[in-house]
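These notes concern the structure reproduced below.
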Amino acid sequence: MNEDISPNYRPLDPSTIVEYVRSRPELNEVFRPGEDLTAEEVGDGNLNLVFKIWATDEPERTVVIKQALPYLRLVGGDWPLPVDRARIEAEALQLEYRLVPRHTPRVYLYDPDMYLFAMRNLNHHVIMRKGLIQGIEYPHFAEHIGLFLAKTLGETSDLVLDYRTKKEMVAQFINPELCKITEDLIFTEPYRPTERNLFHKELEPQVLALQADEALRVEVAKMKEKFMTHAQALIHGDLHTGSIMINQTETYVIDPEFAFYGPMGFDVGAVIGNLFLNYASHEVRMPDPDQRADFRRYLVNTVIDVWHVFVREFQRHVWDHVDPVNMPKGYQDDYMLRVLQDTAGLGACKMMRRVIGLAGVEDIRGIEDPDEKAIAGSLALNIAQALLMNRAQITTIEDLVEMATACKPTYPWKG
Ligand code: SR1
Ligand code: MG
């Protein structure tokens, strides 16, 4: 990594950020000059500082400021990271806001010296992962995220953009260091012994069997190649349920710092894969069989609806506007089938890394009892393996769901 950091850069803290906010005229539409402000650092992610700032007398007037640190927060100074990711994230949010303002928080400012941006504070929303862990249903999610995916992926692809704009956008969103994190943590490390993997010991036999499975490693290698070489659309790059802020009526997608030109199925697969991680976790999180069956029905119907809304909106925003001579119906159908099969394969890799690799998900790693955690992790691995290995047989989203829901946990082993 080779990056010149601005000499004006300094990481902020709750005491220095108030002065910083006062100095930015872009925030005058939210805060009055000289008024009392309160700030809190709330970052619980792996990478950045995140502050909430609000008018002390009127907390509804509030913004979030996200600032990049020159290293990975999860690990510390030993893992340097480019601060330019703040620009990537701010520019991706601005672009997504232009395409889908109903599902993207507005960015008020980006500061290229401080590698930070200020955006709307989604203070009436929760992180979707936390809601799903509690068994809360979000009835409009599929409609919202299906539209978000169709617009952000379709309208940044060669299907819509002219030849020059697309290439300029590929250059604008070159993001090698964050892509390298994905290449390592999703497509490389889970499939070999390394100290960075963090699966719990009860799962070891299943993980060792998976790592010894060459046929599986062949398919993972194909998925890695696709991730690295298929510059199909500007993808979010980390669209798990922790990157979604939600309530009963609204959905917002945040955190696109991993954005770059990659395969559409990586984003669609992230959404669907994370719904299945949650599905797997309820094997043990929801002991009541009726309650579990109901919630799983919601999750599975959501997976189906996400895909159908994505296809419907892709039709409206993309296929209805292409030249039918060079992109006839047969090509369009083949394109969507390839995105569906990529969704299965890439989503599967994203599930496996969350069970085996360095960065887990609370749905599964948050289960306290080690045997229960292993049962949920085992089911997640089996779903992922089925989707990855059999993705060529998937021709509809219903096939994908049937394949996933037929899986059972391997753990506890008999004998
Ligand atoms: C070391 S960073 C770990 C993970 O956090 C982000 O959310 C991405 O998923 C990344 O892989
Ligand atoms: Mg993130």
Side-chain angles (χ1 to χ4, degrees), residues 1 42-51 64-93 96 104-105 107 115-117 119 122 125-130 175-191 194-199 220 223-224 227-228 235-246 252-260 262 266-274 277-278 346-366 380 384:
M1 199 186 85
V42 294
D44 61 353
N46 296 329
L47 277 77
N48 306 293
L49 294 171
V50 183
F51 301 92
V64 160
I65 290 188
K66 190 166 171 183
Q67 184 175 36
L69 290 166
Y71 54 83
L72 187 74
R73 189 177 184 176
L74 177 72
V75 177
D78 290 349
W79 190 332
L81 270 190
V83 279
D84 179 58
R85 67 185 189 278
R87 175 192 64 79
I88 300 250
E89 181 165 352
E91 290 180 0
L93 280 171
E96 290 163 358
T104 310
V107 170
Y115 307 106
L116 65 73
F117 61 91
M119 65 175 184
L122 297 161
H125 305 76
V126 297
I127 295 170
M128 187 180 188
R129 185 181 307 289
K130 294 194 183 295
N175 199 356
E177 303 301 332
L178 272 75
C179 285
K180 178 77 164 87
I181 291 180
T182 299
E183 289 152 25
D184 290 346
L185 294 192
I186 300 186
F187 296 107
T188 307
E189 294 175 6
Y191 311 99
T194 143
E195 280 178 8
R196 286 230 299 242
N197 286 335
L198 274 184
F199 56 88
V220 171
M223 291 294 101
K224 182 176 180 180
F227 176 81
M228 294 176 78
I235 66 171
H236 176 285
D238 199 24
L239 222 180
H240 55 84
T241 46
S243 297
I244 295 167
M245 301 291 294
I246 198 160
Y252 287 91
V253 175
I254 59 169
D255 279 5
E257 66 208 303
F258 284 78
F260 82 113
F266 194 75
D267 276 0
V268 188
V271 172
I272 287 176
N274 275 269
L277 283 169
N278 186 263
L346 293 163
C349 293
K350 293 188 70 100
M351 289 180 72
M352 290 190 280
R353 66 77 64 109
R354 294 298 189 190
V355 179
I356 304 173
L358 174 70
V361 284
E362 193 188 333
D363 312 51
I364 290 178
R365 294 228 171 128

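In this chain, residues are counted from 1 in sequence order. Just so it is clear, the values below take in all heavy atoms, side chains as well, and ignore hydrogens, waters and symmetry mates. Just follow the structure's listing: the first ligand is 1, and inside any ligand the first atom is 1.
Here the straight-line distance linking atom CG of D255 with atom CE of M245 works out to 9.5 Å at 0.5 Å rounding. Atom CG of residue D238 and atom NZ of residue K350 lie 5.5 Å apart, to the nearest 0.5 angstrom.
Of the possible donor and acceptor atoms, none in the side chain of R85 sits under 3.5 Å from a partner among the backbone N and O of P256. Side-chain atoms of T188 come within 3.5 Å of backbone N or O of E183 as a donor-acceptor pair.
Nearest protein heavy-atom neighbour of atom 4 (C) of ligand 1: N46 ND2, 3.4 Å. Of all protein heavy atoms, the one closest to atom 7 (O) of ligand 1 is D238 OD2, 2.6 Å.
Contact analysis puts L72 in contact with ligand 1, with a non-hydrogen atom separation below 4.0 angstrom.
Within the listing of ligand 1, atoms 7 (O) sit less than 4.0 angstrom from a heavy atom of H240. Close contacts between ligand 1 and A359 involve ligand atoms 3 (C), 4 (C) [criterion: under 4.0 Å to a heavy atom].
Counted within 6.0 Å of NZ on K224, heavy atoms from surrounding residues, nucleotides or ligands total more than 12; the atom is thus considered enclosed.
At a 4.0 Å heavy-atom cut-off, ligand 1 touches L47 through the side chain alone. Proximity of D255 to ligand 1, defined as any heavy-atom pair under 4.0 Å, is not found for any part of the residue. The side chain of R354, and not its backbone, has at least one atom closer than 4.0 Å to an atom of ligand 1 (non-hydrogen atoms only; side chain from C-beta on). Contacts of R353 with ligand 1, taken as heavy-atom pairs under 4.0 Å, involve the side chain alone.
Ring geometry for H125 against Y252 counts as perpendicular: the plane angle is over 60°, on a 0 to 90° scale with 30° as the lower cut.
Residues satisfying the salt bridge (Lys or Arg N to Asp or Glu O under 4.0 Å) test with E89, not counting sequence neighbours, are K66.
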